[in-house]
Amino acid sequence: MSLNNVRKSTEKLDEKPGEYCVRNINMADEGYLLIDWAESRMPVLMGLREKYSKTKPFAGYTIAGCLHVTKETGVLIKTLKECGAEVLWSGCNPLSTNDAVAAALAKDGVKMYAWYNNKDDFYWCIERTIDGKPQLTLDDGCDLIDTVHEKYPELATTHIIGGSEETTTGVHRLRAREAAGQLLYPVYAVNDAETKWDFDNVYGTGQSTIDGIIRATSVLVAGKNFVVSGHGHCGSGVAKRAQGLGANTIITEVKATAALKGILEGHEVMSMDNAAETGDIFVTATGVKDIIRKWHFEKMKDGAIVCNTGHYDAEINIPELEEVSVSKRTIRPNCEEYTLKNGNRIYLLAQGRLINLAAAEGHPSEVMDMSFANQFMAHLSLVNRHKSGEKIPVTVMEIPADQDEFVAKTKLEMMKLKIDTLTAEQIAYINDYNAGT
Ligand code: XFA
């Protein structure tokens with residue numbers, strides 16, 4: 001086992017051993033502005049901060065996180081800190097760190113190990129956060145949990161109370177670890193909370209995908225035949241927003257229930273073979289590879305725009321696009337023109353990678369507010385269960401349904417919206433009905 005305590009990168013970085021390693025600590029002021037802006041868009045986290053900064057439930061607890069260092073994550077980290085936690089952090093993706101945000105947090109006493117384009121020291125950063133002997137871990141993609149399990153199993157079994165995981169892929173890996181009998185501490189699957197899942201996929205991906213298409217092309221969406229492949233959470237969000245901009249929306253699906261929902265939402269449904277001939281803009285949102293193939297490109301209209309918001313870069317078969325093309329040129333950032341053998345031009349956006357990350361700014365802060373409120377609540381639950389002396393079963397845990405309701409309720413309250421409550425008679429009526437009387 002190699003000890004990962006020597007930083008490999010020879011780049012110029014600002015490092016204070018035991019405290020932080022960031023690109024440039026002098027960027028802090030720029031970071032404060034970004035975090036302030038996100039705070040004004042994240043009312044649930046701010047409400048939680050206000051409530052729990054009084055009682056400081058995390059006092060005496062150390063949290064290590066491994067999650068995109070963005071302005072929204074900054075709001076989460078500041079909230080954890082103000083509620084008493086000692087916080088150590090690393091980025092979970094070398095390209096998602098905002099150096100100004102990292103500097104601002106480091107300057108405020110977060111043990112921050114993250115910089116943009118960290119090529120060689122990803123695990124070094126994670127290990128510096130483990131140096132702080134956290135009782136809690138907060139992950140996006142399982143890299144921190146995995147490192148603890150593989151290199152610090154003693155910390156995992158004797159010291160760590162629990163953790164949380166943000167993503168679908170991460171939760172998948174955790175369940176595999178659990179099934180193999182290799183999970184060493186309990187972990188909340190934040191991903192599976194309804195207030196995380198729906199808001200990220202339907203509203204976050206819905207808006208940011210359209211945003212990315214418009215930024216990359218500046219085209220008018222109204223009146224276009226807008227083809228969305230996949231009518232799951234992401235696809236339905238994208239189709240809904242395109243419809244709102246006046247597009248003629250077309251869904252392609254393999255699942256009958258999802259296709260039927262598409263029809264009832266007012267979209268057309270057709271096979272990809274047919275959609276290829278009529279579409280002006282194509283968005284893949286399936287999670288499956290090879291959605292747009294060679295024969296589809298050959299049928300497309302001159303000027304068709306093609307992009308992906310689904311599974312990384314596999315949904316559009318780019319090698320096959322190259323195969324049927326005679327030339328290509330870059331029109332503008334994230335927009336490449338392929339000229340086909342038949343003379344038609346096809347515009348591929350962001351090289352088939354996630355358009356909402358490449359050409360837009362990912363999920364809006366209001367959406368991250370919901371996921372991160374769930375992260376906060378998961379950790380609050382871990383410390384409360386620990387304080388009560390409970391021995392938390394070592395499993396991958398679902399977020400309790402009342403947490404979802406609480407997060408949604410808080411968002412509504414912060415938006416100054418009122419909903420109704422059931423009367424005692426109504427509750428009795430429901431219960432009677434369920435009992436079949
Ligand atoms: C970057 C995120 C990934 C940014 C940061 C800056 C910009 C764009 C890479 C990320 C995720 Cl992989 O943040 C995005 Cl300019 N996010 C999450 C996010 N999306 N994810 C869209 O925004 C969710 C997801 C993805 C991509 C789930 C499964 C697979 C891929 C972190 C974040 N975003 C808010 C940024 N607002 C500026 O904090």
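Order of appearance sets the numbers: ligands from 1, and atoms from 1 within every ligand. Along the sequence shown, residues are numbered consecutively beginning with 1.
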Colleague: Can you pull out the closest protein heavy atom to atom 25 (C) of ligand 1? Residue, atom name and distance to 0.1 Å, please.
Modeller: Leu354 CD1, 4.4 Å
Colleague: Looking only at distances, can you tell me whether any N or O atom of Asn93, backbone or side chain, sits closer than 3.5 Å to an N or O atom of ligand 1?
Modeller: no
Colleague: So among Lys196, Lys411, Arg41, which one has a salt bridge (charged side-chain N to carboxylate O under 4.0 Å, His left out) with Asp369?
Modeller: Lys411
Colleague: Hey, are the side chains of Leu13 and Arg23 touching, using non-hydrogen atoms and a 4.5 Å cut-off?
Modeller: yes
Colleague: What part of His363 sits under 4.0 Å from ligand 1 if we count only heavy atoms: the side chain, the backbone, both or neither?
Modeller: both
Colleague: Examine distances only and state if a side-chain atom of Gln375 and a backbone atom of Ser164 form a donor-acceptor pair shorter than 3.5 Å.
Modeller: no
Colleague: Name the closest protein heavy atom to atom 14 (C) of ligand 1, giving the residue it belongs to and the distance to 0.1 Å.
Modeller: Leu357 CD2, 3.5 Å
Colleague: Gly362 heavy atoms, cut-off 4.0 Å: which ligand 1 atoms fall inside?
Modeller: 8 (C), 14 (C), 21 (C), 22 (O)
Colleague: Using a 4.0 Å cut-off to any heavy atom of Asn356, which atoms of ligand 1 qualify?
Modeller: 21 (C)
Colleague: Closest non-hydrogen protein atom to atom 35 (C) of ligand 1, residue and atom name please, with distance?
Modeller: Glu361 O, 3.3 Å
Colleague: Are side-chain heavy atoms of Thr278 and Met270 found at a separation under 4.5 Å?
Modeller: yes
Colleague: Report yes if some heavy atom in the side chain of Tyr185 is under 4.5 Å from a heavy atom in the side chain of Leu382; otherwise report no.
Modeller: no
Colleague: Any idea which atoms of ligand 1 are less than 4.0 Å away from a heavy-atom of Thr70?
Modeller: 5 (C), 13 (O), 32 (C), 38 (O)
Colleague: Can you list the ligand 1 atoms lying under 4.0 Å from a non-hydrogen atom of Ser96?
Modeller: 1 (C), 9 (C)
